[in-house]
Amino acid sequence: MLKFALKHMFTKRARMALVALSVIISATVGLLAYNVSSQINDGIQASAVYYDIIIGPAGSSTQLAMNTMFFTDKPLGTISYDYVDELMATGLVNRAVPMTMGDSYNASRVVGTAAELLEDKALKEGRLFETDELYAAVVGSKVASQYSLEPGDTMITSHGLSSAGTQHAASPYTVVGILETTHTNYDNTVFTSYKTVWAVHGHEEEHGEHEEAEETETPAQTAQERADVMSHTARGTTAQTHAEEDEDEEGHAHEGEVCAILVKTKSPAAYSRITDAYSGNSSLLVINPATVLREVLSQVDTSTQIVYALCAVILVMNILVISVITLLNLIDSKKEITLMRTIGISMKHVGEVYLVQNALLGLVSTLVALVLSHASLALINTYTVGMGIVTDPYRIYPFEWLIALTVFVISVLPTMISIGAMARRDVIESR
Amino acid sequence: MIKTHSLVRRFDGFTIISYDDYVFEDGKSYVMLGASGCGKSTFLNMLAGVLSPSEGNVEIDGVNMTALSQHQRDSFRAANVGYIFQDFRLLEDMSVQDNIDILKLEGVDVSRSGALLKELGILSKRGRRVAQLSGGEKQRVAIARALVKQPSFILADEPTGNLNYAIGRKVTEELLKAARGKTLICVTHDDRLSELFDVVIDMNELAHAEECDTNA
């Protein structure tokens with residue numbers, strides 16, 4: 001049976017190839033559309049907000065959130081590192097993690113931070129850097145695989161957010177650890193101590209690079225001002241935004257400066273007190289990342305709903321296209337079916353031949369569509385990762401199996417129905 | 001033995017073909033002559049069970065075929081009837097051997113195919129695609145396919161209709177030779193071949209086609 005069905009299929013290879021192609025294209029588009037939209041949505045939600053406050057220079061709250069949560073967009077500028085000490089001194093926070101940005105390694109961001117930022121991340125190899133350990137870097141899994149980095153390797157970063165910037169050749173980093181794949185922007189980022197970033201820029205300046213005047217202002221904090229935090233009074237800040245600086249220089253943190261501080265407060269009351277204390281300062285931006293991300297997500301949700309609606313339209317069209325194609329294929333085959341029946345082949349066996357053919361065609365096309373959609377996802381990922389959108393080509397949603405099953409069923413069902421109807425009629429009348 | 005009783009077939013509610021009763025004895029060859037449109041093919045299709053009569057019945061070896069289900073008629077045809085058509089009814093893109101091997105789906109033993117193809121003079125073509133064969137060769141393939149299962153009854157619908165007279169006669173002779181001892185019923189409009197058969201039936205006299213609104 002199988003041998004005959006395959007031989008028979010082979011004689012109609014051109015038509016079969018066309019049917020398979022149309023099924024593959026339709027199913028691939030449907031699967032890809034669903035997967036991309038789902039992964040983008042999941043990716044945003046996966047960046048679970050552990051920190052409840054982010055403090056940065058005055059500017060766009062979305063920009064600050066995207067910058068610190070997803071390492072995308074440009075930093076707003078810098079603020080004094082003293083705020084970190086100040087926050088810890090309040091006794092109201094569990095953690096205050098500084099974050100500096102402005103350099104890159106090829107197309108990947110270099111984030112200067114404290115080791116605490118990565119404490120909840122699993123390491124594939126090596127170890128985390130110590131905050132006081134200069135020029136030690138932990139790289140994301142994609143950076144490691146893309147540039148074949150291993151612990152012990154050195155890497156030279158560039159000034160600015162593109163690889164076209166001046167290289168910090170005199171200050172190479174040493175890879176000490178590689179993060180496990182997270183399918184978030186951590187995969188495409190290089191982490192080092194914020195002190196390393198300070199050292200790199202201090203070193204370069206000593207050697208005459210970046211000679212342009214930096215408007216770095218050191219906060220003249222007073223004990224009284226620090227106490228103001230506790231007494232809920234707004235205080236002044238010397239944080240300097242660099243919005244008007246040269247684009248490449250924007251957000252570069254020099255010694256004593258950071259781009260943002262991620263804060264985890266000890267309690268809701270502590271959260272309120274810290275928020276109140278800092279939000280009164282017009283030079284600072286204090287955001288709740290969960291709130292900002294919710295706003296972003298609500299906008300993304302609208303987009304997602306549009307994408308889902310498009311997916312639904314595509315899927316319905318796919319179902320129609322595949323049904324029509326398989327039916328047309330069967331109508332073309334009616335003459336042959338009648339021929340087989342007239343020479344004495346029972347409808348049961350004729351049905352089996354066509355069922356085996358369509359099932360094979362449907363199965364192979366569906367599997368190829370699954371593979372193709374994920375291969376396309378991998379290809380898309382190579383372009384979108386630089387934009388901060390990381391997708392996992394190996395992730396298969398249960399709904400994808402449902403789509404695949406639907407495609408398979410509609411490849412076979414019209415044949416079954418049509419053959420069933422033909423079986424009930426006279427051979428001659430079933431033509 | 002095949003017997004027909006008061007067979008009538010209506011088409012589209014307008015055309016009625018009614019047939020006299022016939023008896024076809026085992027082992028004899030019959031040729032049914034008739035002009036185009038007199039209902040020869042319809043009659044053969046009803047004998048083969050691929051078309052149900054509107055009235056009357058077909059009895060084969062005492063079994064009323066008309067009362068059987070389509071599936072039962074298919075099974076009977078698969079086991080007992082060899083059918084040969086004017087238009088060959090071959091799978092054009094498959095090989096000669098594949099066209100015979102298709103009967104394996106019904107569990108038919110096709111081991112005789114080599115001998116049959118040799119007898120019909122087309123053994124060397126068994127690996128060829130049917131589309132590459134001449135009309136005479138195609139009809140020989142159809143004959144081989146009809147006979148390989150050693151059917152009790154062979155029905156041939158204008159088997160020489162697509163062949164010139166000389167080749168048609170040769171093919172008919174080969175068919176009669178290969179079908180020796182079987183019941184062969186052949187319908188044709190070419191009365192020049194009638195001398196080759198045991199019994200000649202003139203359907204122009206025995207079948208009555210008329211056009212009327214049968215729904216009225």
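A, B, ... follow the sequence lines: proteins, then strands. Residue 1 opens every chain.
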* For A:Arg341, does its backbone N or O pair with a side-chain atom of B:Arg77 as donor and acceptor, under 3.5 Å? -> yes
* To do: Mind checking the CG-CG spacing from A:Leu339 to B:Asn99? Nearest 0.5 Å is all I need.
  => 8.0 Å
* Structure fact -> Minimal heavy-atom distance between A:Phe4 and B:Asp98, with the atoms involved, is CE1-O, 4.2 Å
* To do: Apply the test side chain to side chain contact (heavy atoms under 4.5 Å, CB included) to residues A:Thr11 and B:Leu91: give CA-CA distance (whole Å), side-chain angles for both, the deciding distance (0.1 Å), then the verdict.
  => CA-CA 10 Å; A:Thr11 63; B:Leu91 298 166; over 6 Å; no
* To do: Drop me the distance from B:Lys104's NZ to A:Lys3's NZ, to the nearest 0.5 angstrom.
  => 5.5 Å
* Asked: So which part of B:Leu103 gets closer than 4.5 Å to some heavy atom of chain A, the side chain, the backbone, both or neither?
  -> both
* Asked: Tell me, which pairs form a ring pair (Phe, Tyr, Trp, His ring centres under 6.0 Å) where one or both residues lie in residues 26-56 of chain B, sequence neighbours left out?
  -> B:Tyr19-B:Phe43, B:Tyr22-B:Phe43, B:Phe24-B:Tyr30
* Asked: Is A:Lys124 atom NZ crowded by more than 12 heavy atoms from other residues, nucleotides or ligands, each under 6.0 Å away?
  -> yes
* Structural part of A:Val353 lying under 4.5 Å from a heavy atom of chain B -> side chain
* Asked: Is the count of non-hydrogen atoms from other residues, nucleotides or ligands lying under 6.0 Å from A:Tyr397 atom OH greater than 12?
  -> yes
* Name the region of B:Phe76, side chain, backbone, both or neither, that has any atom closer than 4.5 Å to a heavy atom of chain A. => neither
* To do: Starting at CZ of A:Arg13, measure out to CG of B:Asp93 and round the result to the nearest 0.5 Å.
  => 8.5 Å
* Asked: How many angstroms lie between CD in B:Glu106 and CE in A:Met340, if you round to the nearest 0.5 Å?
  -> 11.5 Å
* Structure fact -> CD of A:Glu352 to CG of B:Leu105, rounded to nearest 0.5 Å, is 8.5 Å
* To do: Could you pull out the closest heavy-atom pair between A:Ile345 and B:Ile102, with the gap in Å?
  => CD1-O, 3.5 Å
* Asked: B:Lys149, B:Arg129, B:Arg145, B:Met94: which one forms the most heavy-atom pairs within less than 4.5 Å of chain A?
  -> B:Met94
